Every structure is written in structure tokens, then in C-alpha cells.
Undergrad: 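Would you mind keeping the following structure in view while I ask a few things?
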Amino acid sequence: MIPDIDGRNEHAPLRLASEFIVVGSGPAGATAALRLARRGARVLILEEGEAPPDPAEPSALRAMSALYRELGTSVAFGNLPMPYLQGRALGGTSVINGAISWRLPKRVAEEWYAVDPALEEVLSYEAITRVTEEIEKELSIAPTRPDVAHKKNLRMAKGAERLGIGHRPIARNVSGCIGSGRCLQGCPHGAKLSMDRSYLPEAQKLGARVVSGAKVARILHDSRGAYGVRGMLLSGERFEARAAHGVILAASAIGTPLLLLESGLRAGPVGEYFSAHPGLSMTALFDEPIEPQRGATQGHEVYGFLEERIKLEVLGFDLGLILSRLPGHGRTLAENLRRLDHYAIYGAALRAHAKGRVRSRGGRAEVRYSLEPRDLASARRAVRRLGELFFAAGAREVYPGIPGFRSVLRSEEELSAIEREIPLDAKRFTMSMTHLFGTARIGSDAEKSVVSPRFEHHRVPRLFVVDSSVFPDNIGVNPQLPIMALAALAAEGIAG
Ligand SMILES: Cc1cc2nc3c(=O)[nH]c(=O)nc-3n(C[C@H](O)[C@H](O)[C@H](O)COP(=O)(O)OP(=O)(O)OC[C@H]3O[C@@H](n4cnc5c(N)ncnc54)[C@H](O)[C@@H]3O)c2cc1C
């Protein structure tokens with residue numbers, strides 16, 4: 001997509017004005033902006049990142065450097081240093097995500113209502129379902145077709161079927177996917193309906209203006225409320241934007257609390273209650289070629305362990321990245337290289353209980369997050385579940401990737417040693433986070449939440465938060481569709 005203003009090419013200070021300013025152009029910001037534009041509002045979208053390269057960057061590393069925040073090296077510190085990944089581009093993280101689209105589970109919404117009944121009035125499950133269905137239609141969300149699934153996905157289906165656990169092709173927001181397996185680097189064929197290929201251009205058609213390379217540094221507010229933002233363009237020039245009706249934050253569960261803190265808005269639990277779905281992955285070797293680089297990046301999932309707070313998914317990576325995950329060196333590595341297309345990688349996402357914190361350290365996010373013992377028990381169980389699934393799918397060898405534990409497993413029996421031999425020590429696990437929540441919670445109590453059930457800051461009128469910062473807790477499933485649903489409902493309320 002082409003931004004209306006590219007901050008890289010602006011060589012004088014910029015002053016802008018609109019009715020609404022939306023900070024961040026990911027699923028939350030793009031959805032809110034489009035919904036407001038559809039109701040005739042004038043909207044200005046400010047995005048720190050740039051337009052994704054078109055055509056897409058073929059090298060995985062160069063794509064990551066163009067599209068991932070800090071090249072994918074952001075790390076949360078706690079009992080286990082854990083990378084957290086985020087996109088920084090027009091379209092936000094939707095540009096580099098797996099396109100997996102899940103509805104908000106009803107029982108999760110009910111958990112929220114139980115804690116704060118006021119939420120049910122504004123975010124009733126009927127309302128969430130209504131906007132979710134609209135989004136599903138608009139973004140062509142449908143189960144992965146068998147002809148683009150290819151072997152890694154079909155193998156998981158086979159394994160899950162053998163084990164008798166709930167599984168299904170993943171529903172994704174794609175149109176014309178040919179299974180090139182590169183979702184996480186930005187779809188090379190434009191088949192993923194990420195925000196830069198869907199909601200943002202549609203919002204532009206309705207008059208919204210999109211500025212890329214514009215990093216908001218401060219929210220401007222006085223006793224009457226929020227009236228604008230100030231920041232820096234990629235060219236190094238400053239910009240200021242005024243909003244007549246409201247400033248809407250959608251800078252992610254990390255970027256939004258950072259912006260609030262940097263703007264002196266520290267009241268309430270800003271940056272607290274950070275929650276996530278830590279993910280771990282495992283690699284396995286099959287006798288026949290799996291060609292893991294082919295087929296839908298993430299086309300199949302196991303939902304049968306959601307009650308255990310575990311969700312399993314196929315992961316598709318570039319062959320170079322797969323190589324970096326294989327055990328061995330020297331001759332063993334050469335052998336691994338020879339059979340590189342015989343590997344598959346499956347991942348597990350955990351609905352962890354842990355709560356962390358986001359703080360600002362010199363304007364940069366400092367994330368603290370330590371897994372609880374019960375989360376580590378889930379992680380260990382997830383390793384076992386992944387191993388069982390791989391063996392049921394026909395794997396010859398499974399690599400658990402846990403330091404101090406057997407590096408290669410060849411049977412279910414060896415797998416069963418996991419509980420006996422792996423202590424609940426965080427440092428034994430290698431995990432990362434891609435689903436982040438909770439750092440500017442929604443709620444009716446201004447001491448326990450940052451925004452009201454109408455998504456408005458408890459203390460600053462006309463300042464709204466619409467991204468997953470507002471989620472009262474993690475949700476156990478892939479969040480982009482629930483994020484869009486809540487942002488859509490927020491926008492309906494904001495537009496009045
Ligand atoms: C590798 C990966 C794969 C994933 N796969 C899936 C999946 O398949 N399905 C799923 O449901 N979820 C997936 N997710 C998670 C999902 O993409 C995110 O939860 C979702 O995009 C969050 O939406 P958001 O709008 O809140 O934030 P983001 O999408 O992160 O967008 C926030 C935007 O705000 C911008 N921003 C931040 N600070 C500022 C500032 N100060 N000024 C201006 N702009 C700013 C950022 O640059 C960014 O573009 C994945 C995540 C990753 C990292």
C-alpha cells in the first residue's frame with residue numbers, strides 16, 4: 001500500500017489535523033480507523049513503521065529487518081529471558097503473522113464478565129459475535145484448503161486423528177493463497193489479507209489519511225482531555241497532529257503503555273498485568289520428505305488440549321531457519337543438511353497464568369515476565385504432547401530442544417521420561433511470545449483498570465485505547481480476530 005505521507009521523505013516539520021488520530025496501524029488501529037471512516041469521521045493514522053516491501057523481500061533475514069520491531073530481538077526478562085516478537089510496518093504485526101483467525105472463546109468472555117459485570121453491557125458476547133462475523137466475511141476467513149495444506153499440515157491432521165484429539169484445518173484471513181509458506185516474512189503473493197492489503201486501503205478510500213514512518217512520542221492532553229500527539233518522522237523531522245474528537249491508541253500491548261507512561265499518564269495499572277501466550281516449538285525428522293517450506297505456513301491446529309491451556313499448531317519456516325534449529329555439528333550437521341526437507345516443526349502456545357510488567361526505561365520498553373511453576377508444568381506437558389503428536393504423525397526422531405535432556409527421542413517410551421527427568425526450571429525451556437495482552441486494562445474500577453468499559457481513559461477524556469492492552473487477561477487462542485472485534489466495538493462507541 002502507499003501511505004498518504006511517507007515520514008522518510010518529509011524534510012520539514014509537519015503539522016496535521018483531523019477529527020480522530022489513530023496511533024498504530026495493526027489489526028486494532030486499522031479496524032478502529034476503518035469503522036470510524038465508514039461512519040463519516042475524518043481519521044489520521046500514524047504508524048512508526050513503513051509500507052511492507054512490494055514485491056516482498058525474498059531473504060528471511062532482510063524481511064525480518066524490514067518488518068519486525070528490533071529485528072525480532074526484543075526480550076522480556078524474568079526467570080527465563082524470553083524474546084517477544086512484534087511487527088513494525090503499515091499493517092502492524094498482521095503483515096508478519098500466520099493469518100490464524102480464532103473467535104474469542106465464549107468462556108473467556110464469561111471469565112471477564114465474572115470479574116467485572118460492567119463489561120458485559122458494552123462487550124456482550126452477542127455484540128462480539130456480530131462484529132466477528134462481519135470481519136470474517138470482509139477478510140475471507142476460512143479453513144485452510146487441503147490443496148494448499150501440503151505435507152507438514154496434513155501430517156499433523158493424521159497424527160491428531162490417530163491420537164483421537166480435536167484438530168482442524170486453521171481458519172485464516174487469506175484470499176488466493178498458494179501455500180508458499182512465507183506468512184511470517186510478509187506474503188510474497190499478497191494473498192494474506194493483512195491490514196495493509198485490506199482495512200487500511202479501504203479506510204484511505206473513505207478519506208482516512210495514513211502517515212508511515214511517524215513515531216508518536218507524546219500524547220498531548222490538558223484538563224479538558226487529549227487533543228493531539230507529537231513525535232518524530234523517519235527523516236528526523238518533528239511532527240505534531242491535532243485531533244478535534246479523540247486520540248485512539250492502538251500501538252500494541254507494549255507500545256501503548258509505553259506511550260501512556262512517556263506522556264506522564266501513570267495513574268492506574270499502566271503497564272501492569274502484562275500477560276501472554278509463551279510459545280515453544282519442536283522439530284522432528286520423518287523418513288520421507290516433508291518439504292516444510294511448502295504449504296500454508298500454519299495450516300493445521302490441535303485444539304483438543306485447550307482445557308490444559310495448551311494449543312498446538314504447525315509452524316512453517318524458511319529452510320535456513322529450520323537448519324538453525326537442528327542439533328549437531330560437523331558430520332552430523334552435514335547429514336542434517338542433506339535431509340533438510342525431511343523435518344517438520346510444530347509449536348505449542350500456552351495460556352500462561354504469569355503476569356508481568358511493561359515499564360519505560362529511557363523511552364524504551366522494559367518488559368519483566370516470569371513464568372509460574374504451573375506454567376512450567378504446562379510447558380513440560382506441551383513438550384510431551386508435541387512429541388506424542390509427532391510420533392503419531394509418523395516421525396522417526398523428535399528433538400525436544402531442552403538443555404540437559406536427551407537431544408534425540410526415538411520412541412514414545414523415551415518421551416515419557418520428560419516428566420521424570422525435566423525439573424520445573426524455567427531455564428530449561430526455550431520460549432518466545434507473539435500474543436501480548438493486558439497492560440492498559442479495560443474495567444469499571446479506575447484503580448484496577450486504565451480505560452473504562454467504553455475504552456476511554458479513566459482520567460483523560462477523549463483518549464481511547466483499543467488494542468490488546470485492554471484485554472483483562474490472555475485468551476488461550478490466537479488473538480488478532482478478537483482484537484479486531486473489540487476494536488470494532490470500541491469504534492462504534494467512540495463514533496457514538
Ligand atoms: C510472528 C507472529 C505471528 C503471529 N501469528 C498470529 C496468527 O497467526 N494469528 C493471530 O491471531 N495472531 C498472531 N500473532 C499476533 C497478532 O499478530 C497480534 O496479536 C496483533 O497483530 C496485535 O494487533 P495490534 O493492532 O494490537 O498491534 P500490532 O499489530 O503490533 O500493531 C501495532 C502497530 O503500532 C505501531 N506503533 C507502536 N508504537 C508506535 C508509536 N509510538 N507511534 C506510531 N506507531 C507505533 C507499531 O509499529 C505497529 O505497527 C502473531 C504475532 C507474531 C509476532
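Everything quoted here is computed from the prediction, not taken from an experiment. Every number for a ligand or one of its atoms is a count from 1 in the order of the listing.
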Undergrad: Is there a donor-acceptor contact under 3.5 Å from the side chain of Glu301 to the main chain of Tyr303?
TA: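 Side chain of Glu301 to backbone of Tyr303, a donor-acceptor pair under 3.5 Å: no, none is there.
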
Undergrad: Below a 4.0 angstrom heavy-atom separation, can you tell me which part of Arg172, side chain or backbone, both or neither, approaches ligand 1?
TA: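 Neither; no heavy atom under 4.0 Å.
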
Undergrad: Applying a 4.0 Å heavy-atom criterion (strictly less than), which segment of Leu258 is in contact with ligand 1: side chain, backbone, both, or neither?
TA: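 The answer is neither.
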
Undergrad: Between Ile100, Thr434, Val466, flag the one that comes closest to atom 52 (C) of ligand 1 by a heavy atom.
TA: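 Selected option, by shortest heavy-atom distance: Thr434.
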
Undergrad: Quick one: look at Ala99 and ligand 1, take heavy-atom pairs under 4.0 Å, and tell me if it's side chain, backbone, both or neither.
TA: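 The part of Ala99 near ligand 1 is the backbone, not the side chain.
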
Undergrad: Counting only heavy atoms closer than 4.0 Å, does ligand 1 sit against the backbone of Ala89, its side chain, both, or neither?
TA: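 It is the backbone that touches ligand 1; the side chain stays farther off.
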
Undergrad: Any idea which part of Ser101 is under 4.0 Å from ligand 1, heavy-atom wise: side chain, backbone, both or neither?
TA: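 None of Ser101 does.
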
Undergrad: Can you figure out which of Val216, Val229, Leu184 has its heavy atom closest to atom 42 (N) of ligand 1?
TA: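 Comparing heavy atoms across Val216, Val229, Leu184, the nearest one to atom 42 (N) of ligand 1 lies in Val216.
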
Undergrad: Hey, looking at atom 25 (O) of ligand 1, which of Gly213, Ala28, Ser94, Ala253 has the closest heavy atom?
TA: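 The option holding the nearest heavy atom is Ala28.
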
Undergrad: Counting only heavy atoms closer than 4.0 Å, does ligand 1 sit against the backbone of Asn478, its side chain, both, or neither?
TA: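 Both parts.
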
Undergrad: On a heavy-atom basis, I'd like to know which of Ala251, Gly255, Gly49, Gly279 is closest to atom 37 (C) of ligand 1.
TA: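 That would be Ala251.
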
Undergrad: Does ligand 1 have an atom under 4.0 Å from some heavy atom of Arg69?
TA: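 It does; at least one heavy atom falls under 4.0 Å.
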
Undergrad: Closest non-hydrogen protein atom to atom 28 (P) of ligand 1, residue and atom name please, with distance?
TA: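 Answer, as residue, atom name and distance: Thr93 OG1, 3.4 Å.
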
